[in-house]
Amino acid sequence: QVQLVESGGGSVQAGGSLRLSCAVSGFSLRRGCLAWFRQAPGKEREGVGYRNNYHSSADYAASVKDRFTVSQDIDLRTLYLQMNSLKPEDSGMYYCAAGLSYGSSRCYLAEAWYDHWGQGTQVTVSS
């Protein structure tokens with residue numbers, strides 16, 4: 001079965017960096033949509049960024065563009081989220097997700113497009 005396991009979360013001061021990892025099994029990193037979402041207390045879950053491995057492209061939420069980068073290592077079967085210039089509003093539970101486009105070859109930052117989810121890893125950014 002598909003398993004996604006996040007790691008790398010923790011506490012960091014504003015302006016610092018963290019790299020989250022998502023170990024992927026049972027799902028090919030060579031195709032499909034691989035994404036990161038986050039949820040802060042009292043807020044809705046929101047998409048952070050994704051890789052479209054049908055087209056080797058990526059996209060990000062406006063709030064994290066130029067600060068966060070989604071990447072992957074196919075050999076290590078791992079998805080990454082590099083987070084730089086962290087802000088307190090970046091705090092929350094971060095989840096990795098995987099899904100297929102079922103013929104469209106397009107990916108979106110919306111929960112409905114992802115069938116498989118990790119348990120999450122906590123990120124806390126203090127000011």
Side-chain angles (χ1 to χ4, degrees):
Q1 73 275 21
V2 177
Q3 289 187 317
L4 305 174
V5 181
E6 301 95 337
S7 63
S11 298
V12 64
Q13 293 196 36
S17 299
L18 283 174
R19 188 176 76 162
L20 307 183
S21 298
C22 174
V24 181
S25 61
F27 189 93
S28 176
L29 274 70
R30 298 181 182 273
R31 55 185 175 86
C33 306
L34 297 163
W36 288 94
F37 289 76
R38 69 185 182 187
Q39 186 170 24
K43 298 179 66 177
E44 296 291 322
R45 187 175 299 182
E46 64 176 345
V48 176
Y50 69 79
R51 277 192 57 84
N52 182 337
N53 285 330
Y54 296 107
H55 301 291
S56 299
S57 62
D59 200 13
Y60 303 89
S63 60
V64 306
K65 280 188 175 181
D66 301 320
R67 297 191 298 120
F68 291 11
T69 303
V70 178
S71 62
Q72 65 184 29
D73 189 313
I74 293 176
D75 291 332
L76 294 178
R77 300 183 296 276
T78 303
L79 182 76
Y80 301 100
L81 179 66
Q82 179 66 47
M83 304 184 293
N84 298 324
S85 301
L86 283 162
K87 306 174 181 179
E89 52 263 44
D90 294 318
S91 297
M93 186 71 73
Y94 282 70
Y95 302 88
C96 63
L100 299 172
S101 292
Y102 302 106
S104 74
S105 74
R106 292 182 292 180
C107 304
Y108 303 90
L109 283 177
E111 294 182 48
W113 269 254
Y114 299 89
D115 299 319
H116 311 288
W117 294 80
Q119 297 181 113
T121 185
Q122 182 68 44
V123 172
T124 302
V125 184
S126 61
S127 60

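Not measured: the values here are computed from a predicted model.
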Quick one: does E46's side chain have a donor or acceptor within less than 3.5 Å of a partner on Q39's backbone? no
Rounded to the nearest 0.5 Å, the CG atom of L100 sits from the SG atom of C33 at a distance of 7.5 Å
Applying salt bridge (charged side-chain N to carboxylate O under 4.0 Å, His left out), can you list everything that pairs with D59, at least two apart in sequence or on another chain? K65
Which side-chain N or O atoms in residues 83-97 pair as donor and acceptor under 3.5 Å with protein atoms at least two apart or in another chain?
from: N84; atom 1: OD1; to: S17; atom 2: OG; distance (Å): 2.9
from: N84; atom 1: OD1; to: Q82; atom 2: NE2; distance (Å): 3.0
from: D90; atom 1: OD1; to: R38; atom 2: NH1; distance (Å): 2.9
from: D90; atom 1: OD1; to: R67; atom 2: NH2; distance (Å): 3.1
from: D90; atom 1: OD2; to: R67; atom 2: NH1; distance (Å): 2.8
from: D90; atom 1: OD2; to: R67; atom 2: NH2; distance (Å): 3.4
from: D90; atom 1: OD2; to: K87; atom 2: N; distance (Å): 2.8
from: S91; atom 1: OG; to: P88; atom 2: O; distance (Å): 2.9
from: S91; atom 1: OG; to: V125; atom 2: N; distance (Å): 2.8
from: S91; atom 1: OG; to: V125; atom 2: O; distance (Å): 3.4
from: Y94; atom 1: OH; to: R38; atom 2: NH1; distance (Å): 2.9
from: Y94; atom 1: OH; to: D90; atom 2: O; distance (Å): 2.5

Distance in Å, R51 CZ paired with Y60 OH, rounded so as to fall on 0.5 Å steps: 8.0 Å
Report yes or no: do Y50 and Y54 belong to one cluster of Ile/Leu/Val/Met/Phe/Trp/Tyr joined by side chain heavy-atom distances under 4.5 Å? no
When rounded to the nearest 0.5 angstrom, what is the spacing between CG in L81 and CD in E6? 11.0 Å
Side-chain donor-acceptor pairs of residues 107-118 under 3.5 Å, sequence neighbours excluded:
from: Y108; atom 1: OH; to: R106; atom 2: NE; distance (Å): 3.2
from: Y114; atom 1: OH; to: Y108; atom 2: O; distance (Å): 2.9
from: D115; atom 1: OD2; to: Y102; atom 2: OH; distance (Å): 2.4
from: W117; atom 1: NE1; to: Y114; atom 2: O; distance (Å): 3.3

Among Ile, Leu, Val, Met, Phe, Trp and Tyr joined by side-chain contacts under 4.5 Å, find the other residues sharing a cluster with Y80 and list them by chain and number. L76
Heavy-atom donor-acceptor pair, T124 side chain to S11 backbone, under 3.5 Å: no
Starting at OG of S101, measure out to CG of N53 and round the result to the nearest 0.5 Å. 10.5 Å
Taking a hydrophobic cluster as the set of Ile, Leu, Val, Met, Phe, Trp and Tyr residues connected by side-chain heavy atoms closer than 4.5 Å, whether directly or through intermediates, do F37 and V123 fall within one such cluster? no
Any chance you could measure W36, atom CH2, to T69, atom OG1, to the nearest 0.5 Å? 13.0 Å
Minimum side-chain heavy-atom gap V70-L34 below 4.5 Å: no
Group every Ile, Leu, Val, Met, Phe, Trp and Tyr by side-chain heavy-atom contacts under 4.5 Å, then state whether V2 and I74 land in the same group. yes
Under the rule for side chain to side chain donor-acceptor pair (under 3.5 Å), what residues qualify as partners of S57, not counting sequence neighbours? none
Over 12 foreign heavy atoms within 6.0 Å of CD, Q119: no
For residues C22 and L4, report the shortest heavy-atom separation together with the two atoms involved. SG-CB, 3.8 Å
Salt bridge (Lys or Arg N to Asp or Glu O under 4.0 Å) pairs, two or more places apart, involving residues 16-34: none
